[in-house]
Protein chains: 2
Amino acid sequence: MNLHIRVFTIGALAKAAGVSTPTIRYYEEIRLLPPAPRTAGGQRTYDDEDLGRLTFIKQCRDFGFGIDQVRVLLELSISTNRDCVETRDIAQTHLDEVRQKLAELRVLERRLESFVTRCDIACAGGPGQDCVIFKDMAAPAKGSCCG
Amino acid sequence: MNLHIRVFTIGALAKAAGVSTPTIRYYEEIRLLPPAPRTAGGQRTYDDEDLGRLTFIKQCRDFGFGIDQVRVLLELSISTNRDCVETRDIAQTHLDEVRQKLAELRVLERRLESFVTRCDIACAGGPGQDCVIFKDMAAPAKGSCCG
DNA sequence: GTACTCCTTCAAGTAACTTGAGGTTCAAGG
DNA sequence: CCTTGAACCTCAAGTTACTTGAAGGAGTAC
């Protein structure tokens, strides 16, 4: 057992968990974190349990989960009869979304590449060219540059 | 020359450009679009020039450019001495950002894949398992599931 | 006791719209 | 002419996940 009871100020907790202090207050406000006990002067105090919870939240956020998903994951993490299947499903759904976003960004990357390349080919001379990119983009088809 | 002067209601314009009507009002409010002339009854009217401008904006947004970038691109598109080089640079910068985001998402995809896979291996039996994912995630290292 | 950092609350700002409430205008049909 | 229903109007607030700023109090080291 750990006999040391570590107490953190909000700044120390923030540093330990890798988030900002306003973020911690915000998490308290939206009840992701419980209301912190205060010193006589009104300053918030935290312990290792809070650090664990906050770190968990941070990890989930780094995974890209939304606040509402984190809320569910937190509840699952606390329930004694942990439902790993539900956790897996949340992660799977999120993975699907990430892959969807990846696909969109790959398309965007190709379009922008093509755009820049055509700019280079047609407009290497600099300003004042007869660049038709803008006419192209004012029509509802695919964009082009200086074609 | 086109002798037809097409006049659009806000709804018709929205449909033609592929945006929503509140979006058009919003664009007017933030001065991406000029204030529309009104009918006697106060309803907005648009013409083909507006359609061209709005379509241009839509294209830029689909490319992922932010509103402020669209503002610059719009000005470039209107200037008589078009600076294609500046346009290219804006697109190149944006392309770099897209690639950065792609790299991040690829890392995320791998992490989530690994997460889900480990869930499948260790927790195929369903709820009630001795799943350590939550303990892992409350520590500041990399997440795992049911390991 | 004073200097300095860290803490407090509250309000507003960010991006780019969307949603809702409550009311008006327009075009068509009878 | 009158009604009906869709589409329009304005204004305010909601969305996501915080960040930023102002004005002032608490804690600690010298």
Side-chain angles (χ1 to χ4, degrees), chain A residues 7-33 35-47 50 53-74 94 97-98 101 104 108, chain B residues 7-33 35-47 50 53-74 90 93-94 97-98 101 104 108:
Chain A
V7 175
F8 301 91
T9 63
I10 195 172
L13 184 72
K15 203 167 184 179
V19 304
S20 73
T21 52
T23 296
I24 294 177
R25 292 192 198 100
Y26 169 72
Y27 284 166
E28 180 178 316
E29 189 186 328
I30 65 172
R31 297 170 189 278
L32 261 193
L33 291 176
R38 306 296 183 107
T39 65
Q43 304 198 349
R44 291 174 179 82
T45 60
Y46 298 93
D47 59 21
D50 297 311
R53 187 175 175 98
L54 180 55
T55 303
F56 180 84
I57 294 169
K58 172 72 159 57
Q59 296 276 323
C60 290
R61 297 289 299 121
D62 286 348
F63 262 94
F65 291 107
I67 293 290
D68 283 346
Q69 290 173 311
V70 174
R71 232 179 267 278
V72 175
L73 292 170
L74 270 171
H94 183 48
E97 290 163 3
V98 167
K101 189 74 187 169
E104 287 168 16
L108 196 55
Chain B
V7 174
F8 301 91
T9 62
I10 195 171
L13 184 72
K15 203 167 184 179
V19 303
S20 73
T21 51
T23 296
I24 293 177
R25 293 192 198 102
Y26 169 71
Y27 284 165
E28 180 179 316
E29 190 187 327
I30 64 171
R31 298 171 189 278
L32 262 192
L33 292 175
R38 306 295 184 108
T39 64
Q43 302 198 351
R44 293 175 178 80
T45 61
Y46 298 94
D47 59 20
D50 296 311
R53 187 175 175 97
L54 180 55
T55 303
F56 180 85
I57 294 168
K58 173 72 157 58
Q59 295 277 324
C60 290
R61 296 289 299 121
D62 285 349
F63 262 93
F65 292 107
I67 293 290
D68 284 346
Q69 290 174 310
V70 174
R71 233 179 266 278
V72 175
L73 292 169
L74 270 170
I90 292 172
T93 298
H94 183 48
E97 290 163 3
V98 168
K101 189 73 187 170
E104 288 168 15
L108 197 55

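The structure displayed is predicted, hence computed values, not measured ones. A note on names: the letters A, B, ... follow the listed sequences, proteins ahead of strands, and every chain is numbered from 1.
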Query raised in the report: Is the distance from OP1 or OP2 of dC26(C) to the nearest side-chain N or O of T9(B) less than 4.0 Å?
Result: no
Requested in this report: Whole angstrom is fine here: how far is it from CD1 in I24(B) over to P in dT18(C)?
Outcome: 11 Å
Report task. Give the rounded distance in Å between these two atoms: CG of D62(B) and C1' of dC17(C). Result -> 14 Å
Query raised in the report: Heavy-atom distance under 4.5 Å between the side chains of F65(A) and V72(A), does that happen here?
Result: no
Query raised in the report: In whole Å, what is the span from the CG atom of L13(A) to the P atom of dC6(C)?
Result: 15 Å
Query raised in the report: Does R61(A) make a side-chain N or O approach to OP1 or OP2 of dC18(D) shorter than 4.0 Å?
Result: yes
Query - Heavy-atom side-chain proximity of V19(A) to I57(A) below 4.5 angstrom - result: no
Query raised in the report: Want to settle it: does G41(B) or P22(B) sit nearer the 5' end of DNA chain C, counting the closest nucleotide to each?
Result: P22(B)
Query raised in the report: At under 4.0 Å, does any side-chain N or O of T23(A) touch on OP1 or OP2 of dA17(D)?
Result: no
Report summary line: Contacts of R38(A) and G66(B) projected onto DNA chain C by closest heavy atom; the upstream (5') one is R38(A)
Report summary line: Here the distance between atom C1' of dA11(C) and atom CD of E29(A), to the nearest Å, is 11 Å
Report task. Report yes if the side chains of K101(A) and K101(B) come closer than 4.5 Å at any heavy-atom pair, otherwise no. Result -> no
Query raised in the report: For R44(B) and dC26(C), is the shortest distance between a side-chain N/O and OP1 or OP2 below 4.0 Å?
Result: no
Query raised in the report: Is any side-chain N or O of Y27(A) closer than 4.0 Å to OP1 or OP2 of dC18(D)?
Result: yes
Query raised in the report: Hey, does the side chain of T21(A) come within less than 4.0 Å of dC7(C)'s phosphate (OP1/OP2), counting only N and O?
Result: no
Report task. Take the protein atom NZ of K58(A) and the nucleotide atom P of dA17(D), then report the distance between them rounded to whole Å. Result -> 15 Å
Query raised in the report: Which part of the nucleic acid, if any, lies within contact of I30(A), taking any heavy atom under 4.0 Å across all strands shown: a base, the sugar-phosphate backbone alone, or nothing?
Result: nothing
Report task. Mind calculating the distance between CZ (R25(A)) and C1' (dT8(C)) to the nearest angstrom? Result -> 7 Å
Query raised in the report: side-chain contact (heavy atoms from CB on, under 4.5 Å) between F8(B) and D50(B): does it pass, once the steps are laid out?
Result: CA-CA 9 Å; F8(B) 301 91; D50(B) 296 311; over 6 Å; no
Query raised in the report: Atom CD of E28(A) to atom C1' of dA17(D): distance rounded to whole Å?
Result: 17 Å
Requested in this report: Please state how far atom OH in Y26(A) lies from atom P in dG13(C), giving the value in whole angstrom units.
Outcome: 18 Å
Report task. May I ask you to evaluate whether T39(B) reaches the phosphate of dC26(C), defined as a side-chain N or O under 4.0 Å from OP1 or OP2? Result -> yes
**Report entry** Exam field: side chain T45(A) to backbone P37(A), donor-acceptor pair closer than 3.5 Å
**Finding:** yes
